[in-house]
Amino acid sequence: MSDHPPPARAPALQWARTALVSANILWTTLCLGGFLPGTRIAMTVLTAALVAVHFADPARGTRAHPAGWLFIPFLAFAAANVAWVTPVRWLGWFDWLNWAQAVAVFWVVLNGVEDPACRRFLCGFLICLGAAAAVLAGYQHFARPGWLMLGRTQAAQFMGRSSGPFGIPNSLGVFMALLIPPVGWLALGPGRRPALRALCGAALVLLAAGLVFAVSRGAWLALAAAFALRPLVSPGRSLGRRVASAVAALAAAVAVVTLLYLSFPLMHVRVDQLVKDAGERTRPILWRGAWRIFEAHPVMGAGGASFDALFEPYRPEGYRDQPIYAHCDYVNTLADYGAAGFLLLFGAAACVAWRCARARGLAGAAFTGLLAFALHLLVDFHLKIPALAMIVAAVSALVTAESWPAGTRPPAGGAARAAAACVAAAALALAFTWVLPKYRSEETRRVARERIDRMAETGADVSAEGAAVADIQGALATAVALDPTNAQAWSDRAYADSLRALVDPRQTAQLGIQVEGEAHVAVGLCPVIAEFWIRRGTGFDMQRRWLDGGHCFIRALRLAPFRPDVWYYQAYHLSLVSNEVGPAIADASFCLRLDPGFRLAQALRQRLETQH
């Protein structure tokens with residue numbers, strides 16, 4: 001028998017936290033990154049359980065790592081912003097919950113996953129997840145280019161590019177860029193056991209293939225820039241050696257890109273497009289819009305998750321995409337939360353990065369991956385994807401724990417345990433009584449709205465779809481019952497009720513009263529979205545209150561002057577009065593100028609010109 005005592009085993013609750021973090025990241029990643037609200041239901045339960053297990057642990061130290069506290073002021077500020085500033089409060093809470101979840105994962109991994117075995121497991125899990133994502137990317141590339149998780153189909157704009165378990169190729173690209181440096185260090189660094197070196201080498205090959213299959217120019221450039229910048233802050237080296245290492249890293253990146261450019265046709269196309277557009281063509285439109293929103297609300301911001309709604313006045317003629325986000329997390333945060341929120345969030349991140357910048361070994365390599373992730377945020381919205389936000393939070397916590405020791409933490413006393421138990425209970429109560437109904441409502445609404453949009457896209461005869469319309473009406477009634485603050489659900493319910501009038505025209509006037517009332521609730525909750533005014537105007541038109549409807553459509557045009565659908569509805573409204581046929585034709589023509597493929601506007605103009 002050995003005289004040495006066996007190594008201490010990690011406490012069971014540390015393994016429980018490690019398992020909950022891993023399960024949450026796995027579930028959310030495999031569900032398109034958690035982009036759909038329905039997949040966030042299980043995610044919320046796992047996050048609540050993680051927080052509850054952490055704070056209910058009697059072995060937990062009384063003093064938390066200072067890095068975790070740095071992000072609490074931003075969460076408090078963002079909550080106040082959503083409660084009192086944002087015009088899209090139901091969306092603002094979704095945004096806040098995403099931030100809160102990322103901070104919770106960072107906090108728990110930093111303070112509650114301290115045993116080396118647990119940390120090794122979490123590192124190994126992330127590497128395996130990255131390798132699995134790369135395998136899925138290869139399946140998309142070689143077998144089924146249109147395949148996505150959850151039975152969905154890839155958007156036409158991304159065909160030919162792989163997204164792995166995500167719906168967006170750039171999300172796969174940044175995930176690969178985050179993992180390649182630490183996995184490369186494990187595979188190529190000195191002193192590795194042959195088995196570990198072989199496994200990590202295989203993982204590195206898969207990650208590199210996933211990065212290539214994503215065909216994400218931003219991820220390639222961000223990773224190359226991270227490798228070039230990292231030596232400049234490496235400890236224990238002269239300035240000359242740092243610069244030489246940076247130049248060497250940059251030269252190696254250029255050589256790799258050149259080789260791929262010559263051998264990979266799709267990369268050839270993407271690089272040529274980058275050169276042709278002199279960088280980016282559409283993203284600057286969004287950046288300018290977000291900056292102008294920030295200029296109008298410089299201190300507090302326009303409100304959490306408000307960019308998509310407030311972008312409409314800045315939409316240029318001919319730009320038809322629905323952006324949702326500004327495709328730059330930094331400028332998006334400025335627009336939503338102003339300078340105050342930006343400094344609280346990224347100032348805290350900068351403080352943590354400053355303390356971790358001199359990390360060496362595996363932590364130093366992981367820091368390089370985090371630097372690539374941060375650089376890629378300049379051109380995308382990765383922090384809005386729950387899975388990526390949790391993954392980067394977990395990696396950041398592991399690097400911080402290694403690079404910024406917090407010292408010993410004595411066990412919690414009686415008062416501290418009671419306070420922690422209250423936090424655990426509050427997390428569970430909040431999740432089940434407030435958060436889950438919001439996600440259930442939004443998922444129910446999303447599915448119902450997809451059915452409406454599918455009927456519109458296929459040109460279905462709604463008058464013959466009575467059963468489908470009734471199902472949609474019932475689903476949207478459930479959605480507003482689950483979350484009465486969801487303005488989009490009220491608007492979609494008004495939309496469904498207006499479609500009911502096509503099934504049963506005799507009830508048009510009565511349904512119009514319902515439509516106007518439901519849209520009135522939506523407008524009251526959020527008066528800055530043009531669609532809500534359109535629904536209210538439709539309700540007035542159904543009641544033959546044409547002048548009242550006209551005021552609503554004019555308000556919609558002021559809010560979204562270059563949206564084709566807004567001009568179509570204005571044209572349709574005018575067409576209801578015989579002496580307004582000429583202006584109706586003009587508005588339908590302007591709609592088609594904005595979107596020549598708008599089929600409803602084509603049919604309306606043709607009918608009006610025949611009558612005129």
Next item on the list: Any chance you could lay out the salt bridge (charged side-chain N to carboxylate O under 4.0 Å, His left out) test for Asp541 and Arg545, step after step, and finish with the verdict?
Entry: CA-CA 5 Å; Asp541 282 351; Arg545 295 169 59 183; over 6 Å; no

Just checking, any donor-acceptor pair under 3.5 angstrom between side chains of [X] and [Y]?
{"X": "Asp95", "Y": "Tyr337", "answer": "yes"}
{"X": "Trp567", "Y": "Asp587", "answer": "no"}
{"X": "Gln154", "Y": "Ser163", "answer": "yes"}
{"X": "Asn98", "Y": "Gln101", "answer": "no"}
{"X": "Asn81", "Y": "Thr86", "answer": "no"}

If I compare all heavy atoms of [X] with all of [Y], which pair ends up nearest, and what's the gap?
{"X": "Ile385", "Y": "Ser171", "answer": "CG1-OG, 4.3 Å"}
{"X": "Arg451", "Y": "Asp471", "answer": "NH1-CB, 3.6 Å"}
{"X": "Gln473", "Y": "Asp497", "answer": "NE2-OD1, 2.6 Å"}
{"X": "Ala214", "Y": "Arg161", "answer": "O-NE, 3.0 Å"}
{"X": "Gly167", "Y": "Phe158", "answer": "O-CD1, 4.0 Å"}
{"X": "Ala456", "Y": "Arg599", "answer": "O-NH2, 3.9 Å"}

Notebook entry, point to check: Any idea how Tyr568 and Tyr572 line up, ring-wise: parallel (<30°), tilted (30 to 60°), or perpendicular (>60°)?
Noted result: tilted

Check: How are the rings of Tyr439 and Phe94 set to each other: parallel, tilted or perpendicular (split at 30° and 60°)?
Finding: parallel

Ring centre gap for [X] and [Y] strictly below 6.0 Å:
{"X": "Trp147", "Y": "Tyr139", "result": "yes"}
{"X": "Phe35", "Y": "Phe166", "result": "no"}
{"X": "His520", "Y": "Trp490", "result": "no"}
{"X": "Tyr319", "Y": "Tyr314", "result": "no"}
{"X": "Phe307", "Y": "Tyr325", "result": "no"}

Check: Going through the distances and angles, do Asp483 and Glu442 end up as a side chain to side chain contact (heavy atoms under 4.5 Å, CB included)?
Finding: CA-CA 8 Å; Asp483 183 10; Glu442 180 61 12; over 6 Å; no

Item checked: Steps toward ring-ring contact (aromatic ring centres under 6.0 Å, His included) verdict (Trp546, His573) -> CA-CA 8 Å; Trp546 189 81; His573 164 74; 4.7 Å; yes

Determine whether [X] and [Y] make a side-chain contact, defined as any pair of heavy atoms from C-beta on separated by less than 4.5 Å.
{"X": "Cys526", "Y": "Phe532", "answer": "yes"}
{"X": "Phe553", "Y": "Tyr569", "answer": "yes"}
{"X": "Thr478", "Y": "Arg493", "answer": "no"}
{"X": "Glu609", "Y": "Val581", "answer": "no"}
{"X": "Arg288", "Y": "Ile285", "answer": "yes"}
{"X": "Thr29", "Y": "Ile391", "answer": "yes"}
{"X": "Asp461", "Y": "Leu502", "answer": "no"}
{"X": "Thr39", "Y": "Thr28", "answer": "no"}

Note to self: More than 12 heavy atoms of other residues, nucleotides or ligands under 6.0 Å from CD of Glu450: yes or no?
What the structure shows: yes

Next item on the list: Dump the intermediate steps for side chain to side chain contact (heavy atoms under 4.5 Å, CB included) on Thr508 and Arg544, then the final yes or no.
Entry: CA-CA 10 Å; Thr508 298; Arg544 298 186 178 181; over 6 Å; no

Check: On the ring face of Tyr495, is Arg535 found with NZ or CZ under 6.0 Å from the centre and within 45° of the axis?
Finding: yes

Next item on the list: Go through the steps to decide whether Asn24 and Leu50 satisfy the test side chain to side chain contact (heavy atoms under 4.5 Å, CB included), and finish with yes or no.
Entry: CA-CA 9 Å; Asn24 204 354; Leu50 174 68; 5.6 Å; no

Notebook entry, point to check: Checking side chain to side chain contact (heavy atoms under 4.5 Å, CB included) for the pair Gln510/Ile513: CA distance, chi angles, key distance, verdict?
Noted result: CA-CA 5 Å; Gln510 182 180 352; Ile513 296 173; 5.5 Å; no

Next item on the list: Please list, chain by chain and in numerical order, all residues satisfying side-chain contact (heavy atoms from CB on, under 4.5 Å) with Ala133, sequence neighbours excluded.
Entry: Pro165, Leu172, Phe175, Met176

Next item on the list: Using the side chain to side chain contact (heavy atoms under 4.5 Å, CB included) rule, pick out the option among Thr485, Leu482, Leu436 that qualifies with Ser441.
Entry: Leu482

Notebook entry, point to check: Which value, rounded to the nearest 0.5 Å, describes the distance between Arg89 atom CZ and Leu525 atom CG?
Noted result: 8.5 Å

Check: Which residues pass the salt bridge (charged side-chain N to carboxylate O under 4.0 Å, His left out) test with Glu443, sequence neighbours left out?
Finding: Arg446

